Structures are given as C-alpha cells and as structure tokens.
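Let me begin by presenting the structure, written as structure tokens, before commenting on it.
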There are 2 protein chains.
Amino acid sequence: MDDVEVLRTHGLRVTGPRVAVLEALHEHPHADAETVLRAARDRLPAVSVQAVYDVLHALTDAGLVRRIEPAGHPARYERRIGDNHHHVVCRSCGAVGDIDCTVGHSPCLTPSSTEGFSIEVAEVTFWGLCPACRSTTAG
Amino acid sequence: MDDVEVLRTHGLRVTGPRVAVLEALHEHPHADAETVLRAARDRLPAVSVQAVYDVLHALTDAGLVRRIEPAGHPARYERRIGDNHHHVVCRSCGAVGDIDCTVGHSPCLTPSSTEGFSIEVAEVTFWGLCPACRSTTAG
DNA sequence: TTCGGTTATTTGAATGATTCCAGTTCATGT
DNA sequence: ACATGAACTGGAATCATTCAAATAACCGAA
C-alpha cells in the first residue's frame, strides 16, 4: 500500500503536501516539524510552513501518524503506530529512538490509584544520552 | 524542617521570592508558572515574573522541585520528589494527579533494547479525563 | 470533460510560555 | 558594618505553533 492509497483508506484527500509529508516521515522516522518541512520541500518546493503543520495535524487526527512531545523539545512525528512502543530521548541533543515494550501490556501501566481519572493511554519516555552524545560529553 | 531551612540545606540563599515560591507550591501541588506567580504574589506582591521563573529553575536544579511538562500544556512544578511516582494528566483541562508506582521499580521501566542510549530515568504519564471533565464532557 | 461544492493550502500576522539582557539590589561570610 | 557575588527587576526577544482570510486544488456528478 503506497502513500496515496494510505491516505484514501483513511478518508483523506490525496494532495501534494500530504504525500510529500508522508514520504518525508518515511525518510526521517522521528522528524520534527522543521525537518519534515525541509524534506517535504525536496519534493514539493512550494509547500508552506502552515501546510506542513496542517497536514501533520490531519494525519495525526486520522491516526496515521503519532505525535511525540518530549519535554523541552519541539514535537516530533512518526509513522510507526499501533504497536504501543516507547521512546528514548537524548537529554543532550534531543535524538529519539524507539523501544519495544516487550513486557507487553500492563505492568506499571495499570496504575493502582487513578485519583478518579478515567485512564485512556499510558506513555513511557526514557531519558538518557544517545551514543553520539555519550562519547562527546563524557568520553 | 521549614522552607527556610530547606533552602539552606540545599546550599541556596534564602530570599523572599524563594520562600514565597516554596509556599506557593505547597499550596498548589501541581501548579504551573502562572499559578505559582499568583500565589507567590499573595505573600510578596512585588515579585516579578522572571524572579519566579528563575527561582523555579534554581529549585529544580537543586533537586528541591520537580518539573513536569505534559505535552500541550505549560510546565508544572511539584515539591513531592524522590519517590518515583507518576502522573495522570487530564486530556481536557490539563489537571494533574499523582499516581504511586506500586509495582515499585523496573517492570516496563527496564527496556529491552536501549538502541545504544544510556538510560537514566523513565517517565510515565497517563492520559485520561479528570472527574470534573468526565461529568461535563460525557454525562 | 466540465462544473460545483467542499476541503486544503497559501500568505501574513499573532500568540503564549519562557528566556535573554543590562543594570540594580540584596543576602551572606568576615 | 563591608565587600562580593548571586539574585532580582523591567523590558524586550525568541521559538514553535496557531489563527484568519483569501485563493486554489481535489473529486464526484452531470
């Protein structure tokens, strides 16, 4: 299923910016808006900043793309969805990596006291240093 | 140990704004910067916006206060630290609640593949609806 | 293939939390 | 009390993201 078909399947109109953004995300698995913009412009030079934001929003709403918002860093977007994996974020450079949740479901993710909240999803973020920053910072 | 002593213990100078901010945080367990500012001004009307940000930063660096940054909401600050608890955030109004990590340490928090990252902390955020928003939104 | 209605995109300006800057004031140790 | 360096004030600036209005593109129907 190519990008065009993916869009149709999810009831979204097929437009240049949307295809370009999907391809950009394929190239950069955890790209922030600016990276997506640049990569999208490699294919569609005229695409505007807001178009990229709109498209990312539309894709996120449609469940095609997942938005990650690491504290202190601009939002990032990824196409890998539906498998409940988690993320490592580099404290130093903000690089993001995927981490499979091998424990499967539950564990810490079924809280003891919910404080009256109805809980829908649990989000796990690991903070550390990426390989590159490890060698640079510490040695 | 009162607020003044807490500051001294952590090697921080004792100043009006710092005490005011600590007291504000005691009153509002998950306050954002604006709430802290207002509560601090109840005690110290002249305190500036920047002083509050500086103080919150200093307290966070000193490990006296923990900063929570729920995606899409302004940062919040809390005094309860060192017990590795997690948070529930209301999707609708941004209210924050504490959730004890009864499972203790580890579970999902020891990832399988670290992708080469050196991992320091794991952060768990639950997303849902707070009691107030549940009754308002759904019915 | 042309038409029409809806939806997406463009352009440009605005927002809002947070931070930077330069100068002044204050807390602390002697 | 005094010197010193950290902390505070006020104002402007930053950055990602969003809003608003006008234009243009998509896609089903004729």
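In what follows, chains are A, B, ... by sequence order, proteins preceding strands, each numbered from 1. What you are looking at is a predicted structure, and each value in this text was computed from that prediction instead of being measured.
- Taking atom NE2 of residue A:His10 and atom C1' of nucleotide C:dA8, one finds them 19 Å apart after rounding to whole Å.
- Residue-to-nucleotide contacts include a donor-acceptor pair under 3.5 Å from the side chain of B:Gln50 to the base of C:dT19.
- Smallest separation of non-hydrogen atoms from A:Val55 and A:Pro17: CG2-CB, 4.1 Å.
- Checked against the 6.0 Å centroid criterion, the rings of B:His85 and B:His87 qualify as a close aromatic pair.
- Side-chain atoms of B:His26 and B:Asp3 form no donor-acceptor pair, as typed in the model, at a separation below 3.5 Å.
- The phosphate of C:dC26 (OP1 or OP2) has no side-chain N or O of B:Thr15 nearer than 4.0 angstrom.
- The CG-C1' distance, from B:Asp54 to C:dC20, rounds to 10 Å in whole Å.
- Residue contacts shown for A:Ala33 are limited to sugar-phosphate atoms, with no base heavy atom under 4.0 Å away.
- Between D:dC27, D:dT9, C:dT19, one nucleotide has an atom nearer to the side chain of A:Val14 than all others, and that is D:dC27.
- One interatomic measurement links the two molecules: CD1 of B:Ile68 to C1' of C:dA17, which rounds to 17 Å at whole-angstrom precision.
- Across all strands shown, B:Val55 has heavy atoms under 4.0 Å from sugar-phosphate atoms exclusively, and none from any base.
- Nearest heavy-atom pair, A:Pro74 versus A:Asp32, reported as atom, atom and distance to 0.1 Å: CG-OD2, 4.3 Å.
- The distance between atom CZ of B:Arg18 and atom C1' of D:dA6, rounded to the nearest whole Å, is 8 Å.
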Quiz item: How far apart are the C-alpha atoms of A:Val65 and A:Leu25, what are their side-chain angles, what is the distance that settles it, and do they pass the side-chain contact (heavy atoms from CB on, under 4.5 Å) test?
Solution: CA-CA 9 Å; A:Val65 158; A:Leu25 286 175; 3.6 Å; yes
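- Distances shorter than 4.0 Å separate none of the side-chain N or O atoms of A:Tyr53 from OP1 or OP2 on D:dT18.
- We find that NE2 of B:His57 is positioned 18 Å from P of C:dA17, with the value rounded to whole Å.
- Distance, B:Leu59 CG to D:dA7 C1': 12 Å, rounded to whole Å.
- Atoms CG (B:Leu56) and P (D:dA7) sit 14 Å apart, rounded to a whole Å.
- In this model, the phosphate group of C:dT6 is not approached by any side-chain N or O of A:Arg13 to a distance below 4.0 Å at OP1 or OP2.
- Taking for each of B:Arg8 and B:Pro74 the nucleotide of DNA chain C with the nearest heavy atom, the 5'-most of the two is the partner of B:Pro74.
- Using a 4.0 Å heavy-atom distance criterion, A:Ala58 is classed as making no nucleic acid contact.
- When the P atom of C:dT7 is taken as reference, atom CG of A:Leu7 falls 16 Å away, rounded to whole Å.
- Between B:Gly16 and A:Leu12, it is A:Leu12 whose nearest contact on DNA chain C lies nearer the 5' terminus.
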